[in-house]
Amino acid sequence: MMHSTRHWSWAALLLGVVLALGSMEVQAQRSNQERDQLKGVGIERQLGDSVPTDLTFRNESGETVTLGQYLDGKTPVILNLVYHDCPMLCGLMLDGFTSSLKSLEWTPGEEFRVLTVSFNHREGSEMARQKKETYVERLGRPDAAEGWHFLTGDKQTIQKLTDAVGFNFRWVEKKQEYAHPTTQIFLSGRGVVTRYIYGIEVPGGDVRKALVEASNGEVGNAIDQAAMYCFQFDPEKNTYTADAFNLMKIGSVFTVLLLGGLLFVFWRREHEELEQWEEPTAA
């Protein structure tokens with residue numbers, strides 16, 4: 001009897017090991033499949049390169065437009081690449097982007113423009129129009145409709161734009177959806193790529209600094225200019241961080257000015273006291 005019980009215990013243990021190994025193998029296969037699906041997906045930063053201004057898209061009204069129409073040579077542009085049928089990520093990114101815009105004093109159409117371009121060539125102007133209405137309403141600034149544009153295009157045109165900015169995505173047949181990165185791409189008024197900031201929601205302060213940077217100081221006030229001198233973008237931290245060297249230089253200048261002012265005040269007092277002491281003596 002005892003021998004039989006021991007036999008079944010070993011059999012159960014062996015079965016457990018086999019099932020565990022099988023589960024590990026399935027998980028490994030899934031992991032490999034997920035890696036294959038994400039192969040080639042991501043951002044290859046093309047800082048300093050320009051987008052092709054002659055690319056032709058359709059705006060949310062169905063009108064044919066060129067990319068160059070939105071680049072006036074001076075106004076910075078935020079480019080975000082999405083597809084509106086995305087089951088989750090693109091909607092979250094546009095929600096986060098809208099929150100970032102809400103935190104800005106600036107409105108699209110005034111200090112900057114926004115281009116939201118669908119990288120799904122199957123999506124058309126009607127869907128783009130609906131999305132624009134949704135997000136302009138969420139932003140709560142009707143004037144933003146003049147500066148926030150939702151574009152769609154054919155497969156070749158989209159590919160040229162995404163290649164130009166290093167945005168690599170791919171269609172996953174099994175899931176019937178795209179694998180893609182999420183990023184805000186900042187362009188100068190001439191269409192030069194000046195900055196990438198990754199993530200679902202970018203802090204409003206970083207958006208403002210990136211716009212000042214993209215405009216080469218054409219937008220913003222003196223405080224923005226000072227901020228750009230004191231902060232540098234850290235690609236590893238994906239945010240602007242204080243530039244210690246420049247802060248030390250500013251501190252040194254303030255120290256010299258402060259000491260100079262104190263010495264001047266001290267000299268003036270000494271000079272006035274000396275004059276008061278000499279006047280009675282002369283009389």
Please give me the minimum heavy-atom distance between Cys86 and His180, naming the atom from each residue.
SG-NE2, 3.8 Å

Does Glu60 use its side chain to pair, donor to acceptor, with the backbone of Leu151 at less than 3.5 Å?
no

Can you name the closest pair of heavy atoms from Ala210 and Ile197 and give their distance?
CB-CD1, 4.1 Å

Atom pair CD1/CZ of Ile185 and Arg45 - distance to nearest 0.5 Å
12.0 Å

Residues 44-78 vs ring-ring contact (aromatic ring centres under 6.0 Å, His included), sequence neighbours excluded, gives Tyr70-His149

Residues which pass side-chain contact (heavy atoms from CB on, under 4.5 Å) with Glu236, listed by chain and number, not counting sequence neighbours
Asp234

Interatomic distance, CG@Leu55 vs CD@Gln159, rounded to 0.5 Å, equals 11.5 Å

Does the structure place the NZ or CZ of Arg122 under 6.0 Å from the centre of the six-membered ring of Trp171, at an angle of no more than 45° from the ring's axis?
yes

What do the steps show when you test Thr98 against Arg138 for side chain to side chain donor-acceptor pair (under 3.5 Å), and what is the final call?
CA-CA 7 Å; Thr98 305; Arg138 286 185 188 179; over 6 Å; no

Is a donor on one side and an acceptor on the other found under 3.5 Å between the side chain of Glu146 and the backbone of Asp143?
no

Nearest 0.5 angstrom please: Ile200 CD1 to Cys90 SG, how far?
8.5 Å

Restricting to side-chain contact (heavy atoms from CB on, under 4.5 Å), what partner residues turn up for Asp154, sequence neighbours left out?
Gln156, Thr157

Report the C-alpha distance between Ser118 and Glu123 in whole Å, list the side-chain angles of each, state the deciding distance to 0.1 Å, and finish with yes or no for side chain to side chain donor-acceptor pair (under 3.5 Å).
CA-CA 7 Å; Ser118 170; Glu123 295 182 343; 2.6 Å; yes

Side chains of Val165 and Val51: closer than 4.5 Å at any heavy-atom pair?
yes

Describe, in one word, how the ring planes of Phe119 and Tyr178 are oriented to each other, choosing from parallel (under 30°), tilted (30 to 60°) and perpendicular (over 60°).
perpendicular

Taking only residues at least two apart or on different chains, which pairs with a member in residues 74-89 satisfy side-chain hydrogen bond (donor to acceptor under 3.5 Å, both in side chains)?
Asp72-Thr75, Asn80-Thr116, Asn80-Gln184

Run the side-chain contact (heavy atoms from CB on, under 4.5 Å) test against Thr239 and tell me which residues pass, sequence neighbours left out.
Asp206, Lys237, Thr241

Side-chain donor/acceptor of Thr162 to backbone N/O of Asn168, under 3.5 Å:
no

Check the pair Glu213 / Lys209 against salt bridge (Lys or Arg N to Asp or Glu O under 4.0 Å), numbers first and verdict last.
CA-CA 6 Å; Glu213 185 180 34; Lys209 290 184 183 72; over 6 Å; no

Report yes or no: does Arg190 contribute a side-chain atom to a donor-acceptor pair with the main-chain N or O of Leu71 at less than 3.5 Å?
no

Would a distance-only check, ignoring hydrogens and angles, find a side-chain to backbone donor-acceptor pair under 3.5 Å from Gln69 to Thr66?
yes

Students often mix this up, so state it plainly: with edges at 30° and 60°, are the rings of Trp106 and Phe112 parallel, tilted or perpendicular?
tilted

Could you measure the distance from the OH atom of Tyr196 to the CD atom of Glu44? Nearest 0.5 Å is fine.
9.0 Å

Taking 4.0 angstrom as the limit, do Glu63 and Arg58 come out as a salt bridge?
no

Let me confirm one number: the OG1-CG distance from Thr134 to Asp95, rounded to the nearest 0.5 Å.
10.0 Å

Any residue meeting side-chain contact (heavy atoms from CB on, under 4.5 Å) with Asn221, in chain and number order, not counting sequence neighbours:
Arg208, Ile223, Asp224

